[in-house]
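Scroll down for the structure; my scribbles are underneath it.
Residue numbering restarts at 1 for every chain, and letters A, B, ... go by the order of the sequence lines. If you're wondering where the values come from, they're calculated on a predicted model, not measured in any experiment.
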Amino acid sequence: MATIGTAAAWRRIPGIATTALSGLSFLNFFSTAALPPFSSSSTGTTSPHPILNLLQEEARSPRRRADLLALHALALTSGLLRHPFPASRLVDVLLRPGAAGDPAHAAAVFDSLDSPDAYTWNAVLAAQVRRGGPPADALGLYFRMRSAGAQPPDGYTFALVAKACSSPGCGVGIGREVHGQVVKCGMEALLVVRNSLMRMYCGIGLLNFARQLFDETPLSCLDSISWNTMISSYGKSGDVPAARGLFDRMPSRNLFSWSAMTDGYVANAEYSQALVLFNEMQGRGFRPDAVVLVSVLKACAHLGALDQGRWIHLYAERNKLGLDVNPVLGAALVDMYCKCGYLDVALQVFDATHDRDVVLWNVMISGLAMHGHGKGALELFRRMREHGVVPNGSTFLGILRACSHVGLVDEGRETLRSMQDHHVKPQREHYGCLADLLGRAGLLEEAEEVIRAMPMEPQAAQWGALMSACRMHKNVEMGERIGKHLISLEPQDGGRYVLLANVYAEAGRWEDAREMRRAMEEMGVKKEIGCSFVEWNGTIHEFIVGDKSHPQTGKIYAMLSEMEKKLQMVGYVKDTSQLLIEMGNEEDKEIALSYHSEKLAIAFGIINIGRGTPIRVVKNLRVCRDCHTYAKLISKIYRTEIIVRDRNRFHLFRDGSCSCRDYW
DNA sequence: GTAGGGTTAG
């Protein structure tokens with residue numbers, strides 16, 4: 001207490017020298033002489049002290065730094081700071097998020113307090129947690145509070161400490177320590193504290209500990225926060241059945257519950273289930289808010305569910321959910337339109353937003369990349385910098401992918417080089433993207449050099465990019481070497497064997513190709529099954545190779561043979577070169593090829609979707625060369641647009657050609 | 001102070 005009120009204390013507060021003048025004018029306006037003395041009754045609701053009023057007001061709406069300093073000055077010169085209550089309020093105000101104060105300023109006031117109360121300690125702890133430092137710092141503060149001894153910690157204290165110790169980096173030890181302290185202070189029955197501990201264990205990844213706490217609590221004592229915390233954490237950890245089990249059992253659900261469960265499905269790629277749940281939620285009278293919509297939009301984006309996505313767009317506009325100012329909602333919507341093939345609508349939505357953060361820009365850049373607009377992506381990147389938005393690693397990934405899709409080799413090299421100018425360190429993925437770009441362009445040696453020279457150990461994904469390039473450019477020597485390395489890295493991935501087998505087969509090395517087939521059998525691995533989705537009438541229809549489970553199967557196969565006849569008239573010949581030589585004769589190969597999932601999906605689209613509407617197909621793997629030629633011709637013969645999103649990018653087939661210009 | 005959200009990775 002010794003230094004407070006002296007010039008020395010003032011100087012300890014950063015910025016005071018330059019702004020004191022403004023503080024003094026504030027003082028003149030509100031003369032200290034007129035201020036009543038502070039007494040314990042001054043905290044009452046009937047006639048709170050005027051400075052306390054100002055402090056409360058300040059807490060509600062933070063003002064300029066000069067005002068904050070003036071307030072401090074006023075509290076100081078009127079002697080108010082000698083009383084712990086207003087002093088603690090000042091610390092609180094200085095630490096508020098968004099306040100113009102700073103930690104050093106607050107610390108100076110805090111250090112001057114004789115025995116801060118629990119409220120003040122909590123304010124300091126909260127600020128510490130907000131800063132997100134190591135958990136040890138928060139725990140240290142907690143132990144300082146305990147050893148100061150004047151005030152015992154309360155529920156808030158433990159909620160804060162638990163929050164600070166809930167990152168995945170925290171071990172069992174820290175979690176147990178916090179829990180132990182809660183028990184020691186007799187706080188374990190307090191529901192806020194229990195919920196905080198559950199949240200902490202979930203955050204650390206110790207779901208069983210959280211569940212134990214949950215199960216030990218009598219049902220009547222649990223609140224929706226307890227349930228929702230568990231549901232959300234199970235969902236995030238990949239245990240959808242456990243999440244759903246609790247969701248079905250909970251006595252009363254609120255919007256958070258539906259939201260957490262929906263997102264659990266989305267996080268585990270159960271997109272159709274997410275849509276089902278979303279519809280059920282509305283059936284029960286819950287009005288979705290922006291957060292729920294973001295989850296559902298993500299599901300729509302993955303499924304290519306444009307109708308549902310458009311409905312959400314309309315809903316968000318009608319209900320004023322702040323599309324233009326909520327960058328998260330904006331990004332989800334833009335991404336959905338991009339992934340459903342509607343780049344121009346995505347651009348419109350993007351242009352209509354005015355609170356654009358880095359992710360929103362990234363989404364738009366990746367969207368352009370996906371659609372093969374390399375130059376457009378580079379142009380958007382230029383605009384992004386003009387707006388003063390700082391690019392991050394994902395931004396550069398988007399740009400590299402954009403370059404890759406259109407073969408902008410020089411721009412790609414320059415992009416990777418320029419990352420250091422933006423203080424972004426290239427990661428494996430960046431080198432992989434560049435290798436992919438160089439490989440596609442036929443610069444196989446340079447691509448390999450990029451992978452070998454990267455400062456970290458290359459992984460299968462990077463070698464895989466090179467392997468695809470070897471296949472594309474029929475480089476058997478490099479393909480064999482890289483292919484074998486890949487198989488040794490990931491012996492369980494069937495795709496690796498298939499790729500090498502194809503490289504051998506194309507070089508006429510049939511015996512080696514068959515050997516790959518045998519190796520696959522020995523390892524008991526299978527190739528991932530191709531699967532395509534089409535949306536029709538608001539429902540997603542799914543097809544796998546040779547699928548006969550769809551209700552319209554008869555019509556679809558009839559359509560396929562009709563289509564094939566028409567194709568043959570324009571000179572179409574099946575391209576079997578990309579098929580694994582697992583089948584004995586050419587005839588079997590041709591049949592297998594005829595029933596690739598995207599062909600079934602296209603036939604379904606021709607039957608059901610009106611000519612003015614594009615047929616939109618989402619495929620889990622990459623489109624094979626034969627299906628690509630097929631789709632081009634079909635788009636001409638049937639005068640329809642076909643939009644195929646494969647694992648890598650978009651193909652817009654129109655009038656016999658594709659937007660990728662056969663570069664993919 | 002305790003519950004739900006967006007990009008990318010070949």
Side-chain angles (χ1 to χ4, degrees), chain A residues 119 122-123 125-126 129-130 154-164 166 190-200 202 223-233 235-236 253-264 266-267 288-298 301 326-336 338-339 357-367 369-370 392-401 404 427-437 439-440 447 451 459-469 486 495 499 622 647-649:
Chain A
Y119 181 101
N122 290 343
L125 198 50
V129 175
R130 265 198 305 278
D154 58 13
Y156 286 77
T157 315
F158 287 111
L160 287 162
V161 173
K163 191 190 176 93
S166 62
L190 215 62
L191 190 60
V192 225
V193 175
R194 276 185 105 78
N195 285 342
S196 299
L197 287 176
M198 283 182 218
R199 172 75 197 76
M200 175 190 74
C202 288
D223 64 3
S224 63
I225 295 179
S226 334
W227 288 90
N228 294 340
T229 301
M230 293 307 303
I231 291 169
S232 155
S233 303
K236 284 192 174 66
R253 302 178 192 129
N254 59 18
L255 194 58
F256 282 81
S257 325
W258 289 93
S259 173
M261 193 60 234
T262 307
D263 200 57
V266 173
D289 66 0
V291 178
V292 182
L293 295 187
V294 166
S295 283
V296 182
L297 279 169
K298 195 171 171 177
N326 181 343
V328 180
L329 184 55
L333 198 59
V334 168
D335 189 49
M336 184 279 294
C338 285
K339 290 196 172 135
D357 62 5
V358 63
V359 179
L360 184 49
W361 285 96
N362 291 353
V363 168
M364 198 63 249
I365 288 172
S366 311
M370 248 189 288
N392 61 21
S394 303
T395 317
F396 289 102
L397 268 182
I399 298 167
L400 284 166
R401 276 171 60 85
S404 173
Q427 302 298 312
R428 280 194 183 86
E429 292 80 7
H430 298 98
Y431 294 104
C433 269
L434 182 61
D436 180 68
L437 162 59
R440 276 174 207 278
I451 297 176
Q459 290 172 345
Q462 290 83 51
W463 293 119
L466 187 57
M467 185 61 193
S468 300
L486 260 173
L499 216 47
R622 301 203 46 197
R647 175 177 277 199
N648 219 24
R649 59 164 297 153

Subject >> Minimum side-chain heavy-atom gap A:Thr395-A:Val358 below 4.5 Å >> reply: yes
**OP:** Name all residues meeting the side chain to side chain donor-acceptor pair (under 3.5 Å) criterion together with A:Ser233; count only those two or more places apart in sequence or in a different chain, and write none if there are none.
**Re:** none
Side-chain atoms of residues 254-262 of chain A: list all donor-acceptor pairs with protein atoms under 3.5 Å, sequence neighbours left out, distances to 0.1 Å.
unit_1   : atom_1 : unit_2   : atom_2 : d
A:Asn254 : OD1    : A:Asn228 : ND2    : 3.2
A:Asn254 : OD1    : A:Phe256 : N      : 3.1
A:Asn254 : OD1    : A:Ser257 : N      : 3.1
A:Asn254 : OD1    : A:Ser257 : OG     : 2.9
A:Asn254 : ND2    : A:Ser224 : OG     : 3.4
A:Ser257 : OG     : A:Asn228 : OD1    : 2.8
A:Ser257 : OG     : A:Asn254 : N      : 3.0
A:Ser257 : OG     : A:Asn254 : O      : 3.2
A:Thr262 : OG1    : A:Trp258 : O      : 2.6

**OP:** Mind checking A:Asp223 for me? I need base, sugar-phosphate or nothing, with any heavy atom below 4.0 Å counting as a touch.
**Re:** nothing
Subject >> With A:Lys236 via side chain to side chain donor-acceptor pair (under 3.5 Å) - residues at least two apart >> reply: A:Ser232
Original post:
Touch check for A:Asp154, heavy atoms < 4.0 angstrom, all strands: base, sugar-phosphate only, or nothing?
Top reply: nothing
Original post:
Across the strands shown, which category fits A:Asn254 at heavy-atom distances under 4.0 angstrom: base, sugar-phosphate, nothing?
Top reply: base
Original post:
Under 4.0 angstrom, heavy atoms only, what part of the nucleic acid is A:Ala290 near: base, sugar-phosphate, or nothing?
Top reply: base
Original post:
Quick one: are A:Arg401 and A:Ser366 in side-chain contact, heavy atoms under 4.5 Å?
Top reply: no
**OP:** Give one of base, sugar-phosphate or nothing for A:Leu297, where a contact means two heavy atoms less than 4.0 Å apart.
**Re:** nothing
**OP:** Report which part of the nucleic acid A:Val363 touches: base, sugar-phosphate, or nothing (heavy-atom distance under 4.0 Å, all strands).
**Re:** sugar-phosphate
Original post:
When we call it a touch if two heavy atoms are under 4.0 Å apart, what does A:Leu360 touch: a base, just sugar-phosphate, or nothing?
Top reply: base
**OP:** Return each pair, listed once, that meets salt bridge (charged side-chain N to carboxylate O under 4.0 Å, His left out) where at least one residue sits in residues 255-264 of chain A; pairs must be two or more places apart or across chains.
**Re:** none
**OP:** Answer with base, sugar-phosphate or nothing: what part of the nucleic acid does A:Arg401 contact at a heavy-atom distance below 4.0 Å?
**Re:** sugar-phosphate
Original post:
First contact, last contact: which nucleotides of DNA chain B are these for chain A, 5' to 3', heavy-atom distance under 4.0 Å?
Top reply: B:dG1 to B:dG10
Original post:
Going by number, which of residues 427-435 of chain A have a non-hydrogen atom under 4.0 Å from DNA chain B?
Top reply: A:Glu429
**OP:** Determine yes or no for a side-chain-to-main-chain donor-acceptor pair under 3.5 angstrom, with A:Asp335 supplying the side chain and A:Cys338 the backbone.
**Re:** no
**OP:** Please work out if A:Gly398 contacts a base, only the sugar-phosphate, or nothing of the nucleic acid, heavy-atom cut-off 4.0 Å.
**Re:** nothing
Original post:
Looking at side-chain heavy atoms only, is the closest gap between A:Leu400 and A:Asp436 below 4.5 Å?
Top reply: no
Original post:
Counting any heavy atom closer than 4.0 Å, what does A:Val193 reach on the DNA or RNA strands: base, sugar-phosphate only, or nothing?
Top reply: nothing
Original post:
Under 4.0 angstrom, heavy atoms only, what part of the nucleic acid is A:Gly439 near: base, sugar-phosphate, or nothing?
Top reply: nothing
Original post:
Base, sugar-phosphate, or nothing: which does A:Thr229 touch, judged by heavy atoms less than 4.0 Å apart?
Top reply: sugar-phosphate
Subject >> A:Ser468 side chain reached by A:Leu499 side chain, heavy atoms, under 4.5 Å >> reply: yes
**OP:** Could you tell me whether A:Asn122 contacts a base, only the sugar-phosphate backbone, or nothing, with contacts defined as non-hydrogen atoms closer than 4.0 Å?
**Re:** nothing
